[in-house]
Structure formats: C-alpha cells, structure tokens
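The block underneath contains the structure these notes are about, expressed in structure tokens.
Heavy atoms only: backbone and side chains are in, while hydrogens, waters and symmetry mates are out. Naming convention: chains lettered A, B, ... in sequence-line order (proteins, then strands); numbering from 1 in each chain.
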2 protein chains.
Amino acid sequence: MPRGSAPARRVTIVDVARHAGVSTTAVSKVLRNAYGASPDMRIKVRSAIEELGYRPSAAARGMRGQTYTIGVTLPDFRNPFFADILDGVTAALDGTDYVQMLARCCNDEVAEARVHDAMIDRSMDGLILIAPTGSRKHLERIARAVPTVVVGRHGEATGYDTVADDDFTGAELVVEHLAALGHQRIAHIEHLETNPVRLREMPNAIRSAGYRHAMQAHDLGTFIDIESTSYSREGGYLGARRLLARDPRPTAIFAGADIVAMGVLDALTEAGLSVPGDISLAGYDNTMFAAFAPISLTTVDQAGHHIGSEATRLLLDRIAHRDRPTAQVKLSPALVTRRTTAPIDATV
Amino acid sequence: MPRGSAPARRVTIVDVARHAGVSTTAVSKVLRNAYGASPDMRIKVRSAIEELGYRPSAAARGMRGQTYTIGVTLPDFRNPFFADILDGVTAALDGTDYVQMLARCCNDEVAEARVHDAMIDRSMDGLILIAPTGSRKHLERIARAVPTVVVGRHGEATGYDTVADDDFTGAELVVEHLAALGHQRIAHIEHLETNPVRLREMPNAIRSAGYRHAMQAHDLGTFIDIESTSYSREGGYLGARRLLARDPRPTAIFAGADIVAMGVLDALTEAGLSVPGDISLAGYDNTMFAAFAPISLTTVDQAGHHIGSEATRLLLDRIAHRDRPTAQVKLSPALVTRRTTAPIDATV
DNA sequence: GTGAAAGCGCTAACAG
DNA sequence: CTGTTAGCGCTTTCAC
C-alpha cells in the first residue's frame, strides 16, 4: 500500500505575504508581535495565516532569531519527582510561545555532554538542566552558548541560574523526626560520591552532610552509620543487607531516596522483618509510589512543581535579559510522615 | 555578576572547509558519509572538524536535508511503562546519528495536535507517537507530513506503521490465570471509552474486550462485571469502592492498568480487606512498582523495551524508504505471576 | 573526485 | 508604517 501523493510543500511566509497582499517583513513582524505593523495589517496577515494553515518553520527561524523552544534534560524518566518538575515547567510555559523538548542525559558525563550539545545544535533558546552530573566547567561552557538554568545542584555558579531544594534541611527533618520518635541508631544509605566538587554540589552529598550534622546536633554523633552504595533499588537492597548484619542493628534507616527505600524493603522482607515494627524507614523525594497504600513511606517532599515553574521563570527572564546577575533560588522541603516510621517503644 | 565575553561565534562548515583547505561541499559530503569523497579528503576533513570542535547546526541542516532528530510524544511521564519504551528507542538509536527529543502530548486531542505540529515545525525527521488519542484522520495528516510510527494503537492504518502489544491476549491471560485459580466472580475496571473508533483501536478498550471474551470462553459470562472509570489511581479507587459494595462481592479484580491496581489497593486497605486473602488482584503493564516487595502485583508484561526498539527500527526504515507498504507489528504480552493472586480456596 | 553557486524559510538592516 | 534585500549554515544540483 504505497503512500499517496508527494508530501505537500509546506506553506511559507512568502505564500502568506502574497495571499495577504503584503511583504514578508510584515508577516514576520506580525508573527513575532514586533513593533511596526498597523492593526489593519495584523488582521489581514492573521487571517491569511489562518486560511492557509501556515506554521512557521523553527529551523528557518533558528538560523536568524529564536526557535521558541526550550530544552529540558533529565537523568531518568522513572523518577516521578522529575515529572513534577516537568509539570511546573509546562505550567510556566503555558500562555507563552515557547514549547519544551526533553531529552534524557544518561548517567555518565560523556553521554550527558553529548545530550547537552545536541540541544545546542538544535538551536534551543534556553536550557533547563535537571540534576546534571557534569563538571562546573562543563556547565559553564553550556551556559556560555545558551541561557541555562541548572536544577538540583548546590554551590556557587557563575554563568547560570540555579534552583535547588534545600537538601541539607531535608535530611535534618528526617533525622529530627526519627530522633523525636526516640530512635538513636539511625543509619543512612547514601549514593557513593568521591569527586570533591560533587561532594559540595550534588544533592545526594548534601543530604548525607545534613544527616551527619543533624545526628551531631541531637547528640547522636556516636551512632552515625553510613552505607555508601547508589541511589537505586539495588543500592538500597545492598546497603540494607549490610546494615542488618550489624550488631546491634539500627532501629531506623534513612534512605537517601525513595527508590533506595524500595530496595531496603526488599531486604527487610527477605529477612522477615516488619516495618515499622522491627525497624523504621524513611526515604526522600516523595515519589508517587511512596504514597501507595502498601508502601506508605515517610519521606521528604521537594515541591517539584514549584521547582520547575521557578526554573522556567528564571530562564525566560534570562533569555530576555542575558546579562542580569545570576540568581540562586533555594526552596524548602517538607517532611511527609506516613506509616513506615514509628516510636522506638513500638520497636521490639 | 555579568556574563563575560560575547557568546563566541559558532564554528561553521566554512571554517572547517578553510582549515582543511577544501570546499564546503566536501565537508558536507564527509559529514553525511555521502558518495564522492576520497579517503584522503575524509581524513583531512575529519581532523579539521576535530581540531576546530565543529558541530553541525541542526537548524541549517533542517532547511535542506535532515536534522537527524526523531521526535517522540507520549501522554504521561508518570507511567513507568513508557520509560521502558523510551529505553528501547534509545537502544535502537545507539550507534546511529539520530537523537531523540520528547514531548508530552497532554490528554485532550487539541493539545495533542499542538504538540504533534510543534514536532513537525521543528523539522523532525520522523515521529514516534506513543498511545496517541487523536482521530485516525489526524494521525494520517501527521504521517503525510513526516514519517510516523504509532505505538499502542490497534486497527488498520493507512499512512503510518504501528507497533502494539496484543492487549486482547494479555487480558485473556489474566482471566485464564484467575479462572485456573478457581475464581468465578472476576470483575474488571476499565477506562471509560465511548468514541466508536477508539473502542476499536485503543488498548484499554481492547483489554476490556479480551476480558469479556475470555470470561465467555470460560463459561463465566454471567459473572462479567465491569466498572468504567479511568486508568488512574483515583479511577481504581472509585471502581473498587463500587465493586466492594456488590453483594456478593467479586473474589478477584482485574485492573486494566497497574496504576489502577494501586487505587484498588487503597480501597481495599480502607475496607480492611487483605490481598490475596480476601480478594485477588491483577494489573496490567508490569510497571516498576508492581515488583516492589510490599506490592508484588500479578500483572501483564508488555515488553516495553522491545516495543520501543521495534518502533524505532520501523521508523528509520521508513525514513529511508518512504513508500514501502505500511507495517503492523503486534507483540505478545506475558503474564507475571506475583503475590496478589491466590487460589479461591485460600479466599475463605 | 571536486568545487562554485543557488537556494531552503526566515529575520534584521536599511531605505523609502 | 511598509517593503527590499542580504544573509543565517547547510545541502544540492551541476559544471569541471
């Protein structure tokens, strides 16, 4: 069953101009809501656009001006927290002429850089990089090429704006909550990080630092107990197995991410331990599945929607004012208490 | 803190040509691996590209030839099943010059059409539309403009290739499994669908039909019991509430999607019923959370990875051969038995 | 096998 | 306020 006619030639700005009896400049101006077109002309042009079903080619636009496209990169499509951020971006973009295009920027730095470059090659007007792992130098290179907002990365930044949730406080909230329930042997499973810059900038490292600080602050410094694995289900399983082998074993586990907590649950189930009866468990991210009835995980909510809309606001602002000073927005997380944490009395 | 120097001018094909001492045509040919460039020239050009750090502009390419970008649209970033499909796309694209860009095509048809048009405006070389809700006519219009593969949509198609999992069989697998466990009052929660075309094409409708057919085939026709809500957690909760009000109530519930099963679990927890002790539960999609220890949901695996790679293969093939006949690939689902389904005997 | 030159559709100077 | 014109960076004839 062969295709029918040849793919119809696209309607161009020239067709619209001819149809409306004006110049292409005029059409271009109307398209961009630019200065210098009479109301009368605007009407004529708009109706010609309507009648012909004209749509501007982003490729052609990109060669001279803007593409009205902003690129968003994120490391993982399975973490629902990122979906919240994207919702925020979408909401902030609603009513503007901008469209968002996404790409996943795998885990390793090389693949990530490739994705960022691909965005630049495609003439994005601006970039929102969610939880990038690349070096500061790399991020600055990207930001030199195109207006950029980095989400979920702490520390000073020179060429780009940042939006991040306060992971230090978030971790403190968890420890405080567990300590208030009477727990002392509160262990933490973190994402292994060795790079010194990332130790200062990546959310996982900040959470770990927040845990340590809060433990000290509650006079629980001697009970600090950290397993370094990875932010994944496997990482959680592995970390929990090791923690359960301790004697005495912890009475509470603070997993650095909800997905890690899922791995912890695997290990606890396997060991025949109940939550929170035998051990309390908290996660981080307030992902969708944390709320499911059989899981009901105590966790930290990061207000992803707000993060996304704030990042977008900053980006659009920077596109308009390329050399305003860079801004660093820090948002506050909130503890969400559910059924995986309980008083120590109940434990045993 | 103002930005430093002006954004450096991009390296162009002209720079590369000059640096290598050849024509721009030659560079272009090397870039596209086109015929008509000596090995010697290829080497010269490639090293010039390397030295200058040249990267082709997709916008400029898009005006004459390809952009090496394929667009993927999907309705929802929260359904982890789609992430599996995307992984398949990524894997199939690995090693090619193509890059994928994603966009969410909201729920309603108008917004969806806007997203599809946005993809075309941005000169995508091809489109993979995952579970689109638009009319056949709309899909055909898109496919006329650009090579298109539609994923997760049944029925005949004229201008585009399709890849879909056999939802009819998948639903039958679930019913067979439950019937073999001795269940008779097997209820189903479906996504409400009234549009006649969608009743023939959308996976949710096909699953429902498969359920009905399998019930008949097992002489359980009189026990057919369907609640029409939506494929969402709320839909599952609502449907389950209604089903639990029946007298007698079903001994098993087949939720049309895993996320629906989560809502069912909410309702069951609320009602103080245990799974599978009081009632068996099965989902569909084998999403990530179905495997979590506290959930351990019996479900149907759709081989999302395979779906994605197959769709990509078809798309690249169609980009190369625009008028080969359209293909319709149907993949087979598999039942994944976990701990939410048990023999009726165990169900008091 | 190679290169000169003509656009692709749009925006931005500039002239009227 | 309006139109003419010169590119943006690439691909593609079409000569050589």
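- Thr96(A) places no side-chain N or O within 3.5 Å of a backbone atom of Asp94(A) that could act as its donor or acceptor partner.
- Near DNA chain C, meaning a heavy atom under 4.0 Å from it, residues 18-25 of chain B has Val22(B), Ser23(B), Thr25(B) in order of number.
- Asp117(B) is linked by a side chain to side chain contact (heavy atoms under 4.5 Å, CB included) to Arg55(A), Ile120(B), Arg141(B), Ile142(B), counting only residues two or more places apart in sequence or in another chain.
- Residue pairs meeting the ring pair (Phe, Tyr, Trp, His ring centres under 6.0 Å) criterion with at least one partner in residues 16-66 of chain B, sequence neighbours excluded, do not occur; the list is empty.
- Among the protein residues, Ala34(B) comes within range of no part of the nucleic acid, since none of its heavy atoms lies under 4.0 Å from any strand.
- Across all strands, Arg32(B) comes closer than 4.0 Å to base atoms (heavy-atom distances).
- Proximity of Arg64(B) to the phosphate of dA6(C): no side-chain N or O atom is located under 4.0 Å from OP1 or OP2.
- Legend: residues meeting side chain to side chain contact (heavy atoms under 4.5 Å, CB included) with Glu140(B), ordered by chain and number and at least two apart, are Arg136(B), Arg144(B), Thr158(B), Tyr160(B).
- If you walk DNA chain D from 5' to 3' and mark each nucleotide with an atom closer than 4.0 Å to a heavy atom of chain B, the marks span dG9(D) to dT12(D).
- For the side chain to side chain contact (heavy atoms under 4.5 Å, CB included) test, residues two or more places apart in sequence or in another chain that qualify with Ala164(A) are His154(A).
- Considering every non-hydrogen atom in both Asp76(B) and Arg104(B), the closest pair reads N-CG, 4.3 Å.
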For nucleotides 14-16 of chain C, give me every protein contact, N/O to N/O, under 3.5 Å, one pair per line with atom names.
none

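- The ring pair (Phe, Tyr, Trp, His ring centres under 6.0 Å) contacts involving residues 92-144 of chain B comprise Tyr68(B)-Tyr98(B), His116(B)-His138(B), where partners must be two or more places apart or lie in separate chains.
- Using a 4.5 Å cut-off on side-chain heavy atoms (C-beta onward), Leu129(B) and Leu139(B) make contact.
- Each of Tyr35(A) and Thr12(B) lies near DNA chain D, and the nucleotide nearest Tyr35(A) is the one positioned closer to the 5' end.
- Bending across the helix from dG1(C)-dC16(D) to dG16(C)-dC1(D), expressed as the angle between its end axes from five pairs apiece, amounts to 40° (10° rounding).
- For Met63(B) and Val27(A), each mapped to the nucleotide of DNA chain C holding its nearest heavy atom, the one lying further toward the 5' end belongs to Met63(B).
- Residues from residues 48-60 of chain A lying near DNA chain D, meaning a heavy-atom separation below 4.0 Å, are absent.
- For Thr312(B), the side chain to side chain contact (heavy atoms under 4.5 Å, CB included) criterion is met by Val89(B), Ala92(B), Leu93(B), Ile128(B), Leu316(B), not counting sequence neighbours.
- Minimum heavy-atom separation, Met124(A) to Ile70(A): SD-C, 4.1 Å.
- Contacts between residues 38-47 of chain A and DNA chain D, defined by a heavy-atom separation under 4.0 Å, are made by Ser38(A), Met41(A).
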